[in-house]
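See below for the structure under consideration.
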There are 2 protein chains.
Amino acid sequence: MVDVARAAGVSLKTVSRVANNVPTVSPALVERVHRAMHELGFQRNNAAAHLRSGRASATIGLIILDLANPFYSTIAAAAAEVAQRHHTQLITASSGRDPARERELALDLCERRVDGLIIVPTGDDQSYLRPEIDRGTPVVFVDRPPTGLDGDTVLIDNRDGAREAVRQLLVEGHRDIGVVTDALNTYTMAERVAGATEELLAAGADPDAHRIEVGTDDPATAGAAVAGMLDAPDPPSAIFCGNNRILTGAIEELLRRRSGVRLAGFDDFEFAHLLPYPMTVVGYDTRALGRLSAELVFQRGHDSTRALTKYVVATYLVRRGVDPGLPHEREPRVG
Amino acid sequence: MVDVARAAGVSLKTVSRVANNVPTVSPALVERVHRAMHELGFQRNNAAAHLRSGRASATIGLIILDLANPFYSTIAAAAAEVAQRHHTQLITASSGRDPARERELALDLCERRVDGLIIVPTGDDQSYLRPEIDRGTPVVFVDRPPTGLDGDTVLIDNRDGAREAVRQLLVEGHRDIGVVTDALNTYTMAERVAGATEELLAAGADPDAHRIEVGTDDPATAGAAVAGMLDAPDPPSAIFCGNNRILTGAIEELLRRRSGVRLAGFDDFEFAHLLPYPMTVVGYDTRALGRLSAELVFQRGHDSTRALTKYVVATYLVRRGVDPGLPHEREPRVG
DNA sequence: TTGAAAGCGCTAACAT
DNA sequence: ATGTTAGCGCTTTCAA
């Protein structure tokens with residue numbers, strides 16, 4: 001900036017004013033300064049600019065589990081859109097489900113003086129964020145609630161979605177309903193199983209008769225679990241899958257054995273309507289998760305005193321899949 | 001930091017050393033400083049730290065078209081992984097296919113002093129990056145080559161992939177082959193059509209007999225285009241689709257009319273193996289695009305004199321889809 | 001409307 | 001091993 005000032009024959013401060021579009025600079029000088037900037041290839045240093053003024057960095061951070069997963073990348077895209085409206089950049093980082101890395105990333109982003117933080121918590125203790133929150137950094141938790149401290153949170157109505165899906169199976173007459181899930185030590189999966197269990201109990205069915213915790217969301221492993229379930233003495237006539245990857249594993253297995261077992265699952269997804277197996281899935285507005293989280297960050301940035309907010313995104317049931325001519329919707333065994 | 005120094009009864013510089021893990025500080029002082037840091041809730045300011053030292057910002061930027069698109073989010077995830085290995089954060093921003101926004105984002109990121117930039121160019125002129133490159137910022141273009149200046153580039157072998165796919169259809173005896181594409185003013189689509197055209201010409205077939213530029217990648221619109229193609233006087237016996245969204249649109253239409261037209265398309269995708277229509281798709285390593293781009297950024301960061309690098313990621317053919325019992329692989333009309 | 005001086009929070013260079 | 005001083009590139013006083 002000093003060089004530009006010298007080249008333009010003005011003071012450093014005038015250059016600063018021009019760089020910040022301060023209106024009280026004479027057009028002639030503005031012109032001269034612009035020319036000098038161009039010639040020298042001047043580029044203002046953002047960090048230095050923010051240093052003295054203590055202004056915000058115009059950056060918010062997002063820590064998700066895995067950017068390659070469409071669920072999380074959709075959240076990121078929606079959050080980025082809100083950020084853009086606030087003239088803010090979004091830094092997205094993946095924790096890879098590693099609590100230590102989640103913490104590292106969060107603290108690194110705070111050191112970069114982000115104006116806010118959105119986190120999908122993976123560890124079982126977010127209390128390390130206490131100092132940051134006290135310092136005034138807005139922190140919002142999305143998809144899973146925090147542990148060890150309280151904070152603004154945006155969740156899916158996992159429990160109710162699972163209840164609805166299972167109720168649908170019950171309404172259709174099914175009583176022997178399998179429940180296949182990923183590891184239950186994650187909040188979302190635990191909630192979904194809780195919802196399914198509640199509904200089964202309410203209907204007088206045994207919620208544990210056909211329950212498998214696959215412990216991974218690998219479709220092949222889930223498919224194998226489904227195979228085992230169907231080969232057992234009293235196989236279920238319908239299966240509820242805890243997420244879409246388990247659901248596709250189940251579909252593969254059911255197609256393989258040309259089974260007509262009724263299928264339901266959590267998560268809607270692209271191409272679900274094209275899969276050759278009819279099913280009922282629990283849909284929800286994934287973008288809303290990212291949008292609401294980002295909006296909360298900016299709201300709290302403006303008013304740090306407001307009460308804690310908890311959003312719960314609603315779910316709905318959708319019929320998906322096409323019938324490839326298998327004996328679907330077979331009569332459930334009543335009783 | 002001054003406060004910490006006072007609280008610990010040491011000089012500012014000692015605090016700085018402790019913050020940077022400089023080994024030549026006596027354990028007793030380290031302990032005292034750490035305690036003071038904790039009590040005051042001290043947090044070092046990253047920007048200020050980098051300011052004087054002129055060190056890198058440990059950040060690289062990635063500008064893609066749309067984070068919600070799995071293709072781009074996969075690139076982002078792979079790039080982020082490489083960045084992490086270099087103790088660097090990745091800022092991902094979506095241009096939304098808007099050239100003006102691409103430029104804005106790129107310059108904003110440069111102002112933030114990113115250590116490198118990866119761009120999926122959407123505009124037809126990237127010469128605005130000249131000053132940045134001259135200043136020493138490594139810039140890598142991915143998925144599409146830059147226009148208006150030269151630079152390190154990572155591309156998919158679009159042309160060859162399309163050739164292979166069409167050749168497969170030709171080998172199977174098809175001569176009347178439809179080509180359905182998105183807008184041809186994007187590099188990738190133009191290359192794919194060029195490849196298809198080359199192969200059709202080489203086989204003595206008319207490359208323009210059944211060609212439709214849908215001009216969007218909306219599946220429904222693509223499906224309608226396919227419908228029109230099949231309702232024409234001399235319908236093709238096989239169709240090559242320029243990308244996976246057009247391909248799924250075609251599948252929906254073909255399923256609807258229980259047509260057995262042979263299908264091939266560019267892009268492999270999740271669940272393709274489960275779709276109820278047999279097809280041949282052009283696969284490639286999407287993660288490699290992100291990985292190679294990021295690696296190029298860091299390589300050029302270390303050695304700005306190396307010659308321009310152009311990587312071309314290979315493609316391969318895969319059979320996807322399941323047969324729902326339609327009259328597929330019907331005998332093509334020979335001649 | 002323009003400019004000079006001080007200082008943001010930290011690190012580099014040079015003492016001690 | 002520790003402290004002192006200058007200064008990164010900019011913005012904010014405050015003065016002209």
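Here the structure is a predicted model, which means the values were calculated and not measured. A note on names: the letters A, B, ... follow the listed sequences, proteins ahead of strands, and every chain is numbered from 1. Side chains included, hydrogens not; waters and symmetry mates left out as well; all remaining heavy atoms used.
Five base pairs at each end of the helix from C:dT1-D:dA16 to C:dT16-D:dA1 define two local axes, and these are offset by 30° (rounded to 10°).
Listed by chain and number, the residues in a side-chain hydrogen bond (donor to acceptor under 3.5 Å, both in side chains) with A:Arg52 amount to none (sequence neighbours excluded). Scored by the ring pair (Phe, Tyr, Trp, His ring centres under 6.0 Å) test, B:His86 finds B:Phe298 as partners (sequence neighbours excluded). Residues satisfying the side chain to side chain contact (heavy atoms under 4.5 Å, CB included) criterion with B:Arg103, sequence neighbours excluded, are B:Leu107, B:Tyr128. Residues forming a side chain to side chain contact (heavy atoms under 4.5 Å, CB included) with A:Ser53 (at least two apart in sequence, or on another chain): A:Arg55.
One interatomic measurement links the two molecules: CG of A:Leu40 to P of D:dG9, which rounds to 14 Å at whole-angstrom precision. The distance from atom CZ of A:Arg6 to atom P of C:dA4 is 13 Å, rounded to the nearest whole Å.
At least one side-chain nitrogen or oxygen of A:Ser26 sits closer than 4.0 Å to the OP1 or OP2 atom of C:dT2. Look at A:Thr14 and you won't find any side-chain N or O under 4.0 angstrom from OP1 or OP2 of C:dT1.
Using a 4.5 Å heavy-atom threshold, the side chains of B:Arg101 and B:Ile63 count as separate.
Paired with B:Arg35 under the rule side chain to side chain donor-acceptor pair (under 3.5 Å), one option of B:His38, B:Glu31, B:Glu39 passes, and it is B:Glu31.
Within 6.0 Å of CG in A:Asp124 there are 12 or fewer heavy atoms belonging to other residues, nucleotides or ligands.
Between the side chain of B:Ser293 and the main chain of B:Val140, no donor-acceptor pair closer than 3.5 Å is present.
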task = Mark up nucleotides 6-16 of chain C, 5' to 3', with B wherever a protein heavy atom is under 4.0 angstrom from a base atom, S wherever such an atom reaches only the sugar-phosphate, and - elsewhere.
result = BBBBSBB----

